[in-house]
Amino acid sequence: MSSAFYITTPIYYVNAKPHLGHTYTTIAADVACRFHRMKDEKTFFLTGTDEHGDKIVKAAESGGMEPKTYADRISALFRELWPEYGISHDRFIRTTDPDHIAVVKQILQKIYDAGDIYFSDYEGLYCFDCERFYTERELVEGKCPDHAKEPVPIRESNYFFKMSSYQQWLIDYIHENPDMIQPERYKNEVLGFLREPLDDLCISRPKTRLEWGITLPFDQNYVTYVWFDALINYISALGYPDGENFKTFWPHVRHIVAKDILKPHGIYWPIMLKSAGIDVYKHLFVHGYWNVDESKMSKSLGNVVDPIYLKNTYGSDAIRYFLMREMTFGLDSSFNEVALIQRINSDLANDLGNLFSRVLAMFHKYFKAIVPQWDPAENPYPEFDLKAAAESTIRDFSTSMDNFEFHKALASVWEYIGTMNKFVDTAAPWELAKQESARQRLAAVICSLLEGLRVVSGLIYPVMPETASTMQKHLGLDQQQPFYLMDEIGKWGVIPPGAELPKGVSLFPRMDPETIFAAPEDKKEKQSNVSAIMPEITMEDFASVDLRAATVISAERVPKTDKLLKLELDLGFERRTVVAGVAEFYTPEELAGKTVVVLANLKPAKLKGVQSQGMLLAGIDNENGSVAVLDRHLPPGTRLK
């Protein structure tokens, strides 16, 4: 066992369900982690969800839920998506986890005691979507640069973190550690930020405005700014300060983030660590955006790509391959299904799939499924030395993977696959099979190709684990043995003579774009908008849910909101007020008099100043909403089972 490898994704904000951008980042982390396992390193892979802040409260209110209920629901979508793509993280952290909250409070108190947090009145421009204050010079034509909205002037008293005291230290630290932020353009971008005066960071929100957050340990009237809370997950997940994982893996971490959160990770985070007396992280890897229709993928633009639809249509390994092959890490890339289908048909079906099927078919035809005796040192075609080419490919692959150049790593493997395909055409095993005197040469050709496929199966393992496993099974390799380890992949003559290999399979059938795109648009949309099934429950769990028929006596809009209706309901035994996020789909008059379904034993919650005593059952997707209405009369208060 060699050195330790710790990799993290950002923890994803639960104001919306997961999309392709989240999927890319998490797959990239999984690919890097699998590669370092191949190097027999001790690894730890962290992902999770960020669940506090203004936007979560707003999203919960629009759905008529408490923030915790809403966060539980969206966090589950992320947790349940990753196994669909073969992602094998070591921990899924939530910022609502008790151990995380305890570490956040510990770090806050430590920084406060060091004198780096102070209290002050402040008047500034606040973007609720970013959940941060902006200075005039940071705005673009008077608007938030990320959301193109004018920030709202706010005057309040808050706690501030003395980031300005550490500006020169951070500049010097980055120069002393030139590979800290990669690719280099993002290091230069951070240094560009630091050429301007660095403002102190507002790290609190008064509970009079926001209650959903971690309470400051030194003032119970304030909660922590969401970024100050979220960044600490990278050490709380390891059991800071005394956990064995923290001692083993920190600070030798590779953070992976998208470029829109470079500033918090490249400036806030190292200064927080320095102030708290914790070793600063070693590496931050920054990738670009996936663009759709020439625009950054965004919920607000409505151009997000649903990973469940992609996986169900094309398969998880094909999507993993496309994302790693198509994007140059650090640069933006464009997503469209036409390019995806072309990659599948060209790279996966034609190049890899065809080679695998041809070689296994010839092996079974000429050697009756039994590996013949052959000399691995024999090379009847010096211009196609598959063993030497494999060694060169492994070196190139390893260098690229270490540098997070996943597209280059895969390109080197596909160059080797191309060499093998040319070798088949040059050696023409079907001609050798006609000559009894060429029997030994035929064995060397076929067995060299089998060994080459074994090398390929090992190298694609980090990106396409299911395909790698299928290939190794049909190459007669024991699935319990570490054939994917780099030290094993580089050997030659591993498949033993006398072994019986199962027949080959089609790894990647060709995709027909006309068939895929001929699917009705409404069917595609439904596939895209259906969320993952929640975890199974028992009948005992369901018995605790009290659903009741209720008659809507009256309805009215909640002032200063676009989505909320205040409903007065008759439950037979009492009247109740329920707030529901259906104002986009129903006028108050449309609901009056209807018999609806209400979750009657939900803990009351205050939404926009209105006490809501239950929850209306409704289905809502991106564009449509429908309240559950009973089609036959039931007396108000009837329990539904």
Flag for [Y]-[X]: side-chain donor and acceptor within less than 3.5 Å:
X	Y	answer
Y289	S333	no
H287	T25	yes
S334	N291	no
Y314	E337	yes
W269	H255	yes
D50	Y12	no
T467	R320	no

Handout entry: NZ or CZ of R91 within 45° of F45 ring axis and under 6.0 Å
Key =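 Checked: cation-pi criterion not met.
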Handout entry: Ring-face cation contact, Y281 with R254, 6.0 Å cut, 45° max
Key = no
Practice task
Return yes if some donor-acceptor pair links the side-chain N/O of Y416 with the main-chain N/O of L386 below 3.5 Å, else return no.
Solution key: yes
Problem - Under 3.5 Å: donor-acceptor pair, side chain of Y186, backbone of G330 - result: yes
Exercise for the section: Just say parallel, tilted or perpendicular for the rings of F322 and F335, cut-offs at 30° and 60°. Expected result: perpendicular
Handout entry: Ring geometry between Y6 and W250 (parallel below 30°, tilted from 30 to 60°, perpendicular above 60°)
Key = perpendicular
Going by an N to O cut-off under 4.0 Å, is there a salt bridge joining [X] and [Y]?
X	Y	answer
D242	K247	no
R358	D425	yes
R185	E189	no

Would you say [X] and [Y] make side-chain contact, with heavy atoms under 4.5 Å?
X	Y	answer
T47	H22	no
L348	M464	yes
M420	F384	no

Practice task
Answer yes if the ring centres of Y321 and W414 are under 6.0 angstrom apart, and no otherwise.
Solution key: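 Close enough - the centres of the two rings lie under 6.0 Å apart.
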